[in-house]
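See below for the structure under consideration.
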Protein chains: 2
Amino acid sequence: MSKLVGIDKNIDKLDRRRATSYDVAKLAGVSQSAVSRVFQQGASASKAMRDRVLHAADELGYRPNAIARGLITQRSNMVAVIISKLTNLYYPEVLVQLTQRFSEHGVRVLLFALEHEGDIESILEQTLQYQVDGILTAAMMTPAQLRTVDRIGIPVVFYNRSYNDELVNSVRCDQEEGERWLVGELVKAGHKSFGIVEGPEDSVVSAERTAGARRKLREMNITDITSVSGDYGYDTGRRCFAKLVAQRGSAPDATIAANDVMAIGCIDEAREGFGLDVPGDISIVGFDGVGPASYAAYDVTTVRQPVGRMTEAAISMLLERIENPDLSPEKRAFSGLRVRGGSARLLSDET
Amino acid sequence: MSKLVGIDKNIDKLDRRRATSYDVAKLAGVSQSAVSRVFQQGASASKAMRDRVLHAADELGYRPNAIARGLITQRSNMVAVIISKLTNLYYPEVLVQLTQRFSEHGVRVLLFALEHEGDIESILEQTLQYQVDGILTAAMMTPAQLRTVDRIGIPVVFYNRSYNDELVNSVRCDQEEGERWLVGELVKAGHKSFGIVEGPEDSVVSAERTAGARRKLREMNITDITSVSGDYGYDTGRRCFAKLVAQRGSAPDATIAANDVMAIGCIDEAREGFGLDVPGDISIVGFDGVGPASYAAYDVTTVRQPVGRMTEAAISMLLERIENPDLSPEKRAFSGLRVRGGSARLLSDET
DNA sequence: CCTCCAATTGCATGCGGATTCATTATTGCC
DNA sequence: GGCAATAATGAATCCGCATGCAATTGGAGG
């Protein structure tokens with residue numbers, strides 16, 4: 001029964017091994033060095049050689065092994081991109097932009113997505129093991145981690161994170177400036193009482209935004225401020241608005257949400273839960289400039305982060321550091337785009 | 001001038017080289033093999049040895065080089081994840097889930113994001129060079145590409161893509177079933193004329209959805225159908241609705257959008273552009289169950305893809321194939337969650 | 001205290017390709 | 001046409017780690 005089949009089918013299995021440069025060399029009747037040279041840009045090889053090798057390579061379905069290459073060249077051509085739930089680095093356009101721009105430079109993206117920013121420790125360990133050439137991170141590092149990475153000599157670029165006491169490369173949106181504009185406009189338009197809806201506690205960005213808003217309010221002598229905090233989500237946006245009203249007995253003239261999604265939640269709660277007219281009765285503003293913020297039903301007054309330019313800047317900053325590790329640290333802050341949407345009652349456009 | 005400095009500062013530079021297992025071995029006074037064994041799970045090493053090695057390793061800041069390890073073990077412990085703008089695989093939760101679950105199994109994610117599904121060719125080439133252990137893709141491959149990957153023996157799992165004539169592993173949401181339910185409910189509730197807003201032409205998912213809707217409509221003898229197509233975005237959603245009205249002279253009783261975002265665009269256009277009441281005058285339904293679909297202002301009637309479960313399934317399917325390459329192909333289709341939102345006039349809940 | 005077996009440890013080798021050095025084939029130029 | 005200079009090629013080596021095999025150690029059992 002078991003010996004009915006005469007033809008040996010093992011060939012398939014043996015063939016399974018990937019072709020190496022040696023295989024190609026043998027088939028083409030040349031040395032392995034030659035094959036290696038043909039598959040590089042700056043190598044010298046005659047046209048005849050090139051043709052023979054490429055032909056043989058094609059025949060065997062040969063592809064250079066990037067792992068082996070990385071081992072010998074000490075360059076993995078991979079960068080680690082670390083994002084967390086709380087950043088807007090995950091927008092599809094951003095990821096497309098990231099992987100494509102890096103790809104143009106022959107660099108691959110190793111992605112790490114964190115639930116919480118604190119989880120970065122183990123991630124960092126992994127990136128180091130994989131010999132990444134650089135790190136683009138939207139999560140903070142501890143000074144110790146910073147030092148480790150620096151000692152090893154891996155360039156790091158922070159996205160929307162910065163440090164006061166450390167020399168790091170960073171690209172960010174000027175959150176404070178944006179909030180100051182929002183608050184300024186609201187106060188100018190006559191709003192007296194304010195509600196602040198903060199983001200999650202571990203969000204640096206949220207902290208920066210609300211701090212900026214508070215500072216500006218103080219400068220303008222506004223003291224009637226109530227704050228609550230949510231998790232950046234729509235549902236907590238709604239709950240937070242309700243909480244604001246409950247805490248102060250009535251809705252504040254203006255509500256400043258740490259991001260657009262919570263602002264949208266606030267708008268819905270104000271309208272549906274309290275029958276208020278936005279912006280007739282009260283104003284609500286957000287931050288980010290995400291897609292839904294511009295939907296007709298909300299048209300949120302907000303500050304839009306120039307995500308495309310920020311990402312572009314971060315990418316080239318990292319690539320530069322990889323090429324030239326001794327460039328001095330640089331911080332770039334972009335101003336947000338001011339969106340005078342219909343969710344806040346502002347004075348008409350400045351003259 | 002150039003010889004003023006007496007103290008040699010080259011030490012730093014020399015120190016820059018990463019510590020290898022040999023360095024650790026020398027410091028600990030053991031063989032390199034020993035070091036290697038200590039840093040593996042199934043290796044045999046005495047407690048004394050372990051301590052000495054770990055101590056030395058710690059001193060030098062040694063980390064195993066995953067690249068070198070990958071070369072020798074023929075396992076890169078990396079998988080390629082290919083997403084395109086048109087998939088919902090990019091949601092932050094999904095990416096978090098992906099990277100974390102893989103990470104638990106010691107697997108890293110190499111991310112590729114495509115602008116168009118057609119760009120997959122070069123991506124595939126890259127993944128193969130990087131010796132990934134598996135591929136999770138939300139983009140289609142040509143039969144030739146499929147064969148290449150299969151010959152090399154890399155397991156592939158398709159996400160929301162499937163093939164009729166090829167043996168592949170896939171995890172998907174049953175788009176057709178979902179659309180059939182939506183159409184069925186709409187017809188039962190008395191809608192006679194229908195508008196269909198398709199997605200981009202190169203979207204397989206959109207094609208499946210609209211085809212499913214059309215089939216069900218035909219079965220129910222509905223012939224009054226107008227269709228237009230957009231790009232999955234909010235703006236085209238609005239334009240598409242306007243186009244629908246223009247083409248047929250009045251709004252259809254029900255509009256079926258290929259995704260939620262376009263459905264939201266349609267709702268806004270119907271309300272703002274044409275002063276229609278949704279769902280009083282007309283019904284509009286979507287597909288996906290994305291966040292904004294459940295915002296109070298829209299409350300879209302839709303079918304929510306069980307993204308979490310789908311992702312989970314895709315991950316374990318791929319991991320299984322990596323462990324055991326000879327498992328036979330498997331296709332898993334998940335039913336979507338039916339959301340009877342407020343954007344469509346349906347008969348009250350089934351009894 | 002000795003024998004025998006299992007657990008440790010070291011040695012040597014190889015994974016696949018880049019690169020240095022030496023050698024050989026070409027080309028340019030007087 | 002001959003010689004120097006340059007391009008093309010091959011041999012050998014190394015990158016950092018895992019692993020088969022042989023040698024050694026440590027115990028258990030008698």
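The chains referred to below are lettered A, B, ... by the order of the sequence lines, with proteins before strands, and numbering in each begins at 1. When reading the values below, keep in mind they use all heavy atoms of this one structure, side chains included, and skip hydrogens, waters and symmetry mates.
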Can you list, pair by pair, the side-chain donor-acceptor contacts under 3.5 Å of residues 58-67 of chain A, counting residues two or more places apart and other chains?
from: A:R63; atom 1: NH1; to: B:E125; atom 2: OE1; distance (Å): 3.1
from: A:R63; atom 1: NH1; to: B:E125; atom 2: OE2; distance (Å): 2.8
from: A:N65; atom 1: OD1; to: A:I67; atom 2: N; distance (Å): 2.8
from: A:N65; atom 1: OD1; to: A:A68; atom 2: N; distance (Å): 3.1

Contacts table for residues 314-325 of chain B: side-chain donor-acceptor under 3.5 angstrom, sequence neighbours left out:
from: B:S316; atom 1: OG; to: B:E312; atom 2: O; distance (Å): 3.1
from: B:S316; atom 1: OG; to: B:A313; atom 2: O; distance (Å): 3.3
from: B:R321; atom 1: NE; to: B:N169; atom 2: OD1; distance (Å): 3.3
from: B:R321; atom 1: NH2; to: B:N169; atom 2: OD1; distance (Å): 3.3
from: B:R321; atom 1: NH2; to: B:S328; atom 2: O; distance (Å): 2.7
from: B:E323; atom 1: OE2; to: B:R75; atom 2: NH2; distance (Å): 3.3
from: B:N324; atom 1: OD1; to: B:D326; atom 2: N; distance (Å): 3.2

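Considering CZ of A:R69 and CG of A:N77, their distance stands at 8.0 Å, rounded to 0.5 Å. A distance of 10.5 Å separates CZ of B:R101 from OG1 of B:T311, quoted to the nearest 0.5 Å.
Spacing between atom CD1 of B:I67 and atom C1' of D:dC17 amounts to 12 Å, rounded to whole angstrom units. The separation between B:N77 atom CG and C:dC15 atom C1' is 15 Å, rounded to whole Å. A straight line from CD of A:Q40 to P of C:dG16 spans 18 Å, rounded to a whole angstrom. Rounded to whole Å, atom C1' of D:dC17 lies 11 Å from atom CD of A:Q131.
For B:S36, no side-chain nitrogen or oxygen approaches OP1 or OP2 of D:dC17 to under 4.0 Å.
Among the atoms of the strands shown, only primed sugar atoms or phosphate atoms (P, OP1, OP2) are found under 4.0 Å from some heavy atom of A:T73.
Residue B:L327 places its CG atom among more than 12 non-hydrogen atoms of other residues, nucleotides or ligands, all under 6.0 Å distant.
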- Note on the structure: Contact string for nucleotides 7-16 of chain D, one letter per nucleotide 5' to 3', B = base within protein heavy-atom range under 4.0 Å, S = sugar-phosphate only, - = neither, reads -BBBBB-BBB
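Looking only at distances, no side-chain donor or acceptor of B:D51 sits under 3.5 Å from a matching main-chain atom of B:A48.
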